[in-house]
Amino acid sequence: MFEHDTFQQRVYQIIAAIPYGQVATYGDVAQLAGSPRAARQVGGVLKRLPKGSKLPWHRVINRTGSISLIGDDLMRQRDALEAEGIEVSDDGKVSLEHYRWQP
DNA sequence: GTCGTGACTTTAA
DNA sequence: TTTAAAGCCACGA
(Lines give C-alpha, C1' and ligand atoms only; values in the text may rest on other atoms or scores of the structure.)
Protein backbone atom coordinates (compact mmCIF):
# COMPACT_ATOMS: atom_id res chain seq x y z
CA MET A 1 0.00 0.00 0.00
CA PHE A 2 1.07 3.58 -0.48
CA GLU A 3 1.74 5.82 2.41
CA HIS A 4 -0.20 9.06 2.47
CA ASP A 5 1.96 11.58 0.71
CA THR A 6 2.73 14.66 2.69
CA PHE A 7 2.80 18.21 1.52
CA GLN A 8 6.54 17.99 1.64
CA GLN A 9 6.59 14.93 -0.60
CA ARG A 10 4.39 16.66 -3.15
CA VAL A 11 6.56 19.73 -3.15
CA TYR A 12 9.58 17.61 -3.97
CA GLN A 13 7.74 15.97 -6.83
CA ILE A 14 6.43 19.22 -8.24
CA ILE A 15 9.73 21.01 -8.14
CA ALA A 16 11.39 18.04 -9.77
CA ALA A 17 8.94 18.49 -12.62
CA ILE A 18 9.82 22.11 -13.35
CA PRO A 19 11.39 22.05 -16.83
CA TYR A 20 14.93 23.14 -17.49
CA GLY A 21 15.08 26.83 -18.26
CA GLN A 22 11.82 27.67 -16.55
CA VAL A 23 10.80 28.83 -13.09
CA ALA A 24 7.83 28.67 -10.74
CA THR A 25 6.73 30.79 -7.83
CA TYR A 26 6.30 29.51 -4.29
CA GLY A 27 2.59 30.15 -4.68
CA ASP A 28 2.47 28.08 -7.84
CA VAL A 29 4.12 25.13 -6.17
CA ALA A 30 1.83 25.44 -3.16
CA GLN A 31 -1.22 25.46 -5.36
CA LEU A 32 -0.07 22.45 -7.33
CA ALA A 33 0.60 20.71 -4.04
CA GLY A 34 -3.01 21.25 -3.07
CA SER A 35 -2.57 24.08 -0.55
CA PRO A 36 -2.81 27.41 -2.36
CA ARG A 37 -2.15 29.34 0.84
CA ALA A 38 0.94 27.39 1.85
CA ALA A 39 3.45 29.24 -0.26
CA ARG A 40 5.43 29.97 2.84
CA GLN A 41 5.68 26.32 3.61
CA VAL A 42 7.23 25.64 0.23
CA GLY A 43 10.06 27.87 1.27
CA GLY A 44 10.21 26.07 4.56
CA VAL A 45 10.56 22.75 2.82
CA LEU A 46 13.32 23.97 0.55
CA LYS A 47 15.12 25.51 3.49
CA ARG A 48 15.39 22.09 5.07
CA LEU A 49 16.18 20.15 1.92
CA PRO A 50 18.39 17.11 2.46
CA LYS A 51 21.98 17.95 1.81
CA GLY A 52 22.39 15.70 -1.20
CA SER A 53 19.12 16.65 -2.82
CA LYS A 54 19.11 16.89 -6.58
CA LEU A 55 15.97 18.96 -6.75
CA PRO A 56 16.16 22.06 -8.96
CA TRP A 57 15.23 24.25 -6.01
CA HIS A 58 16.82 27.22 -7.76
CA ARG A 59 13.89 27.28 -10.18
CA VAL A 60 11.60 28.45 -7.41
CA ILE A 61 11.34 32.20 -6.88
CA ASN A 62 8.86 34.58 -5.31
CA ARG A 63 5.86 36.31 -6.79
CA THR A 64 7.77 39.43 -7.83
CA GLY A 65 10.35 37.45 -9.73
CA SER A 66 13.00 38.05 -7.12
CA ILE A 67 15.11 35.51 -5.33
CA SER A 68 14.06 35.21 -1.71
CA LEU A 69 17.51 34.28 -0.53
CA ILE A 70 20.40 36.42 0.66
CA GLY A 71 24.14 36.28 0.66
CA ASP A 72 25.92 33.28 -0.83
CA ASP A 73 22.73 31.38 -1.45
CA LEU A 74 21.38 34.27 -3.47
CA MET A 75 24.45 34.27 -5.64
CA ARG A 76 24.32 30.51 -6.11
CA GLN A 77 20.72 30.59 -7.23
CA ARG A 78 21.33 33.46 -9.62
CA ASP A 79 24.23 31.63 -11.21
CA ALA A 80 22.22 28.44 -11.52
CA LEU A 81 19.42 30.30 -13.27
CA GLU A 82 21.72 32.06 -15.69
CA ALA A 83 23.40 28.75 -16.42
CA GLU A 84 20.02 27.56 -17.71
CA GLY A 85 19.63 30.55 -19.97
CA ILE A 86 17.34 32.44 -17.63
CA GLU A 87 18.11 36.12 -17.65
CA VAL A 88 18.42 37.79 -14.29
CA SER A 89 18.30 41.57 -14.23
CA ASP A 90 20.77 43.68 -12.31
CA ASP A 91 18.11 44.02 -9.65
CA GLY A 92 18.15 40.26 -9.30
CA LYS A 93 14.80 39.80 -10.92
CA VAL A 94 13.52 37.24 -13.42
CA SER A 95 10.83 37.95 -16.01
CA LEU A 96 8.00 35.75 -14.83
CA GLU A 97 6.09 36.55 -17.97
CA HIS A 98 8.75 34.81 -20.01
CA TYR A 99 10.12 32.05 -17.81
CA ARG A 100 7.21 31.08 -15.57
CA TRP A 101 6.32 27.42 -15.83
CA GLN A 102 2.78 26.81 -17.02
CA PRO A 103 1.76 23.16 -16.45
C1' DG B 1 -0.50 17.59 21.76
C1' DT B 2 1.04 22.48 21.72
C1' DC B 3 3.97 26.36 20.01
C1' DG B 4 7.21 29.19 17.44
C1' DT B 5 8.92 29.80 13.10
C1' DG B 6 9.34 31.55 8.31
C1' DA B 7 13.46 30.53 0.85
C1' DC B 8 5.40 33.82 0.93
C1' DT B 9 1.50 36.81 -0.53
C1' DT B 10 -1.68 40.40 -0.34
C1' DT B 11 -3.51 44.59 1.28
C1' DA B 12 -3.14 49.13 3.19
C1' DA B 13 -0.83 53.79 4.08
C1' DT C 1 6.90 55.22 -5.59
C1' DT C 2 8.47 52.37 -1.04
C1' DT C 3 7.53 50.41 3.50
C1' DA C 4 4.52 48.02 7.12
C1' DA C 5 1.34 44.87 8.81
C1' DA C 6 -1.54 40.91 8.84
C1' DG C 7 -2.96 36.39 7.19
C1' DC C 8 -1.52 31.97 6.00
C1' DC C 9 -0.28 26.87 7.35
C1' DA C 10 2.99 22.73 7.39
C1' DC C 11 7.17 21.45 9.86
C1' DG C 12 10.29 20.59 13.74
C1' DA C 13 11.31 20.80 18.66
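Quick note on labels: first sequence line is chain A, next is B, and so on, each numbered from 1.
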Does A:S35 make a side-chain N or O approach to OP1 or OP2 of C:dA10 shorter than 4.0 Å?
yes
Honestly curious: do A:M75 and A:L81 fall in one hydrophobic cluster under the side-chain, below-4.5 Å linking rule?
no
Minimum side-chain heavy-atom gap A:D28-A:W101 below 4.5 Å
no
Ignoring hydrogens and geometry beyond distance, is a side-chain donor-acceptor pair present between A:S89 and A:D91 at under 3.5 Å?
no
Please enumerate all residues that pass side-chain hydrogen bond (donor to acceptor under 3.5 Å, both in side chains) together with A:D73, with sequence neighbours excluded.
A:R76
Between the main-chain N or O of A:E87 and the side-chain N or O of A:Y99, is there a donor-acceptor pair closer than 3.5 Å?
yes
Nearest-Å distance for atom pair CD/P, residues A:Q31 and C:dC9:
13 Å
Protein-proximity profile, nucleotides 2-13 of chain B, B/S/- by nucleotide at the 4.0 Å heavy-atom cutoff, equals ----BBBSS---
